Amino acid sequence: MSDSLFVRYLSHVREALGQVVPDLPPAIVARVEVTPTRDPSHGDLATNAALLVAKVARRKPADIAADLACVLESVPGVASAQAAGPGFVNLKLAPSVLQEVAAQVLRAGESYGDSQVGAGTTVNVEYVSANPTGPMHVGHCRGAVVGDALANLLSKAGYGVTKEYYINDAGAQVTALAWAAYWRYLQAIGTPLTQDEFAALVPGGIQYGGDYLVPVGEELAQRHGTSLAAEGGRPAPVDVWMKTVRTETVARMMAMIRADLEALGVHHDVFTSEAKILADGETDRAIDRLAAKGLIYEGVLEPPKGKLPEDWEARPQTLFRSTEFGDDVDRPLRKSDGSNTYFANDIGYHADKIARGADVLIDVWGADHGGYVTRMKAAVAALGQDGKPELDVLLCQIVRIVRDGQPVRMSKRAGTFVTLRDLIDEVGRDAVRFTMLTRKADAQMEFDLDQVVAQSRDNPVFYVQYAHARCCSVLRGAAELAQAGRLAGDLSVEALSALDLSGLSSDAELALLGRMAQWPRVVESAAIAHEPHRIAFYLQELAADFHALWNRGRDDAALRFLHEDDAELTRTKLALVEATASVIRSGLRVLGVEPVKEMR
RNA sequence: GCGCCCUUAGCUCAGUUGGAUAGAGCAACAGCCUUCUAAGCUGUGGGUCGUUGGUUCGAAUCCAACAGGGCGCGCCA
């Protein structure tokens, strides 16, 4: 059993605390923390224990801290313990404790950092969920990456994770798409109509004019001949073709979207169709259940304040009592034509997710859907029981694409840089993924096309991958030496993990080991907070520690990794390098970024 | 008009859920480096954490008000 270093010392601290201040309420003991120190001069670990219990113990924090330090001094692996500041206790660890971290990493491999915090809890992460009306737009990209990385992160933390895509294939958008595809079909069979003549027949005009529907029309023509049209290639009544064109076009669009997701390295476990949920009557049943709880009624809403929609008129409608759950106003479930609002269908969808049994639901949405969060949480609270399941909505802010410091116009008409595919083709999947995770999801972000491909310190993608490549380069060098008979000893990971690592004693080496010791902690806290960007930041810090050590080797030959005259020392250093590479891989895996072996 | 999100160094952003003297990178400044481990290194300066109150041992973090930016506000998803 190899507990994280922080967990181990936390229990030591709690034990010591019990000796210094007996009979503490468990609620207070639970809040005791052991954290990394911010300043290396404070040692390796710090605890806030004395500050927390001072009030209950009716003693000064500093005095308790002094007593605690006294007890902790004698804990194995503690080099020194000191009371500091307003009542912290700082622990400096013996180098052997940190050296053991490397061995622990090597034994666990990429599973180092795996946690059990989520064991027994199932999470459904729903993300992307772009309308099936065309290829993926760069606007979808951030949510796709954030959701995917979050799902990976939760898995690593022990949660049972389902990655889900919600297909919005029931709304008016899809009908508009079908009209547009139908036009391409008519063209394919040689209709005499001009585009304008046809557009005049379409409610709302042709909304999807993109070329990507041309092959869809051709395929429809191939499969159905002229059977979807009237005499002479003229448009047939809607009931002749709509259903067919709609389903087949949506299927084609989803295939396109899946290919885009594939290019981004995103894989969902479940694709759920809005139309299917509606057709199966799940939406109606969910609303019936709400009605049974007295949460549905017919009523008239106050007009919205400020600018009124031009055609606004008071009318009675079917409303959900979201105000019972903290919303400002009750929310409508039916449009004036009697069909469901998006919200109503989303209630059905979430009821379906709840029925499938997740303990936690996570929705990843664009920031423009922010206004729906409260009502959706209200609906989930109403459908669930005793606050279960919990719904967390992650809002992803808009990404501004920038080149040469100038925003890149993403105009559909100009056809410049609208699709996700364009972006991936230009900078690569890894750069896209990593960069999307270098900001908190709800913070605005600039995506600089020049910077993300730059091979320099200020490009985090490069910086982290370069650290891994450097590790691999050292390991390759070692293998070559061994091959040439100039390096003795077993270089396998198993052998390295069994070595005495006391040779790793410089500040830079210990700092790197200390950073690796934090990895399990970072995984847990990021998973609990639903913040995958923390992984990206941790990797930058880990890479920085490794590069710093590497650079020390320029001046101080003793800090280099390969020493032809000392095989034992070399193997010790290789253990550190291998461990570093392993943690970087483990982190990049969470982000869905390839750990490259060399930079080209 | 109302609601939600945001405001931290010149710029782009972190800040481990309330902890110590608020941190990185870039830019600026000062040295070093012309290969010893390619795509530099080391150091320095830089802050009223939007403003004002409040909560407490302790606030960038929680609460209230105000200022500025973004998003949204029946029948778009």
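What you are looking at is a predicted structure, and each value in this text was computed from that prediction instead of being measured. First the proteins, then the strands, lettered A, B, ... as listed; each starts at 1.
- The residue A/E33 sits close only to the backbone: its heavy atoms come under 4.0 Å of sugar-phosphate atoms, none of a base.
- The residue A/A526 sits apart from the nucleic acid: no heavy atom pair falls under 4.0 Å.
- One can find a donor-acceptor pair under 3.5 Å joining the base of B/A20 and the side-chain atoms of A/N90.
- Look at the C1' atom in both B/C49 and B/A60: the space between them is 5 Å, to the nearest Å.
- Contact between the side-chain N/O atoms of A/N48 and the OP1/OP2 oxygens of B/G19 is not found at any separation under 4.0 Å.
- If you check every strand for non-hydrogen atoms under 4.0 Å, A/Y463 touches nothing.
- Between the P atoms of B/G10 and B/U48, the separation comes to 8 Å (whole Å).
- Each of A/E541 and A/G85 was assigned the nucleotide of RNA chain B with the nearest heavy atom; the assignment lying further toward the 5' end belongs to A/E541.
- Residue whose closest nucleotide on RNA chain B sits further toward the 5' end, between A/D169 and A/F462: A/F462.
- Partners of A/F546 under the ring pair (Phe, Tyr, Trp, His ring centres under 6.0 Å) rule, at least two apart in sequence or in another chain, are A/F561.
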Per-pair distances, 0.1 Å, donor-acceptor, side chain in residues 432-439 of chain A, under 3.5 Å, sequence neighbours excluded:
from: A/R433; atom 1: NE; to: A/L591; atom 2: O; distance (Å): 2.9
from: A/R433; atom 1: NE; to: A/G592; atom 2: O; distance (Å): 3.4
from: A/R433; atom 1: NH1; to: A/D148; atom 2: OD2; distance (Å): 3.3
from: A/R433; atom 1: NH1; to: A/L264; atom 2: O; distance (Å): 2.9
from: A/R433; atom 1: NH1; to: A/G265; atom 2: O; distance (Å): 3.2
from: A/R433; atom 1: NH2; to: A/D148; atom 2: OD2; distance (Å): 2.9
from: A/R433; atom 1: NH2; to: A/L591; atom 2: O; distance (Å): 3.0
from: A/T435; atom 1: OG1; to: A/A431; atom 2: O; distance (Å): 2.6
from: A/T438; atom 1: OG1; to: A/T435; atom 2: O; distance (Å): 2.6

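- Using a 4.0 Å heavy-atom criterion, one finds that A/R521 contacts the bases of the nucleic acid, with or without backbone contacts as well.
- With A/L391 as reference, A/V380 is the one residue of A/I362, A/V373, A/V380 to meet the side-chain contact (heavy atoms from CB on, under 4.5 Å) rule.
- Checked against B/U16, B/A38, B/G19, the side chain of A/L52 finds its nearest nucleotide in B/G19.
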Output a table of nitrogen or oxygen pairs between the protein and nucleotides 4-10 of chain B separated by less than 3.5 Å.
none

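- The interatomic distance linking A/D346 (CG) with B/C76 (C1') rounds to 13 Å, in whole Å.
- A gap of 47 Å separates the P atoms of B/C76 and B/U52, to the nearest Å.
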Quiz item: Given the rule that a pair is Watson-Crick or G-U wobble with both distances under 3.5 Å, how would you write RNA chain B in dot-bracket, using | for pairs to a different strand?
Solution: (((((((..((((.....[...)))).(((((.......))))).....(((((..]....))))))))))))....
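- Residues forming a side-chain contact (heavy atoms from CB on, under 4.5 Å) with A/P316 (at least two apart in sequence, or on another chain): A/V300.
- In this model, the phosphate group of B/A39 is approached by a side-chain N or O of A/R470 to a distance below 4.0 Å at OP1 or OP2.
- The only member of A/M253, A/K276, A/E274 that meets side-chain contact (heavy atoms from CB on, under 4.5 Å) when paired with A/D169 is A/E274.
- Rounded to an integer number of Å, the gap from CG of A/D337 to P of B/C76 is 8 Å.
- For the pair A/R515 CZ and B/U16 C1', the computed distance is 12 Å after rounding to whole Å.
- The side chain of A/S456 sits closest to B/G40 out of B/G40, B/C57, B/A20.
- Of the side-chain N and O atoms in A/H530, none sit less than 4.0 angstrom from OP1 or OP2 of B/U17.
- Within residues 317-330 of chain A, the residues that have a heavy atom under 4.0 Å from RNA chain B are, in order of number, A/Q317, A/D328.
- Contacts of A/R439 with the nucleic acid, taken as non-hydrogen atoms under 4.0 Å apart, involve only primed sugar atoms and P, OP1 or OP2.
- Syn is the glycosidic conformation of B/U17, whose angle stays within 90° of 0.
- Among the heavy atoms of the strands, none lies under 4.0 Å from A/A544.
- A/A54 comes within contact range of no nucleotide atom at all, as no heavy-atom separation falls under 4.0 Å.
- Rounded to whole Å, the P atom of B/A22 lies 23 Å from the corresponding atom of B/C13.
- Ring-plane geometry between A/Y166 and A/Y349 is classed as parallel, the angle between the planes falling under 30 degrees on a 0 to 90 degree scale with a further cut at 60.
- Every pair passing salt bridge (charged side-chain N to carboxylate O under 4.0 Å, His left out) that includes a residue from residues 518-533 of chain A is listed here, sequence neighbours excluded: A/E531-A/R534.
- Out of B/G15, B/U56, B/A20, the shortest distance to the side chain of A/K55 is found at B/U56.
- The stretch residues 171-180 of chain A participates, sequence neighbours left out, in these side-chain hydrogen bond (donor to acceptor under 3.5 Å, both in side chains) pairs: A/Q173-A/Y208, A/T175-A/R246.
- With sequence neighbours excluded, the residues forming a side-chain hydrogen bond (donor to acceptor under 3.5 Å, both in side chains) with A/R315 are A/Q317, listed by chain and number.
- A/Q173 comes within 4.0 angstrom of the backbone, heavy atoms only, and of no base.
- A/Y165 and A/Y127 have their aromatic ring centers separated by at least 6.0 angstrom.
- When the nucleotides B/U37, B/G19, B/C13 are ranked by their closest atom to the side chain of A/F537, B/C13 comes out on top.
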Please tabulate, for side-chain N and O atoms in residues 319-326 of chain A, each donor-acceptor pair with protein atoms closer than 3.5 Å (sequence neighbours left out).
from: A/R321; atom 1: NE; to: A/G294; atom 2: O; distance (Å): 3.3
from: A/S322; atom 1: OG; to: A/D327; atom 2: OD2; distance (Å): 3.0
from: A/S322; atom 1: OG; to: A/V329; atom 2: O; distance (Å): 2.9
from: A/T323; atom 1: OG1; to: A/D330; atom 2: OD1; distance (Å): 2.6

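- Closest contact between the side chain of A/H533 and the listed nucleotides B/G40, B/A20, B/G15 involves B/G15.
- For A/A84, the side-chain atoms get nearest to B/A20 when compared with the rest of B/U16, B/U37, B/A20.
- In this structure, A/R560 contributes its side chain and A/G553 its backbone to a donor-acceptor pair below 3.5 Å.
- The ring of A/F88 lies on top of the base of B/A20, close enough and flat enough: under 5.5 Å between centres, under 30° between planes.
- A donor and an acceptor atom sit less than 3.5 Å apart, one in the side chain of A/H369 and one in the base of B/A77.
- Within the 4.0 Å cut-off from OP1 or OP2 of B/G72, not a single side-chain nitrogen or oxygen of A/Y372 is found.
- Between the C1' atoms of B/A14 and B/A9, the separation comes to 13 Å (whole Å).
- For A/Y466, the side-chain contact (heavy atoms from CB on, under 4.5 Å) partners two or more places apart in sequence, or in a different chain, are A/F462, A/R470, A/H547, A/M599.
- Residue pairs meeting the side-chain hydrogen bond (donor to acceptor under 3.5 Å, both in side chains) criterion with at least one member in residues 363-381 of chain A, sequence neighbours excluded: A/H350-A/D363, A/K353-A/D363.
- Across all strands, A/P332 comes closer than 4.0 Å only to sugar-phosphate atoms, never to a base (heavy-atom distances).
- Residue contacts for A/D368: at a heavy-atom cut-off of 4.0 Å it reaches the sugar-phosphate backbone alone, with no base atom in range.
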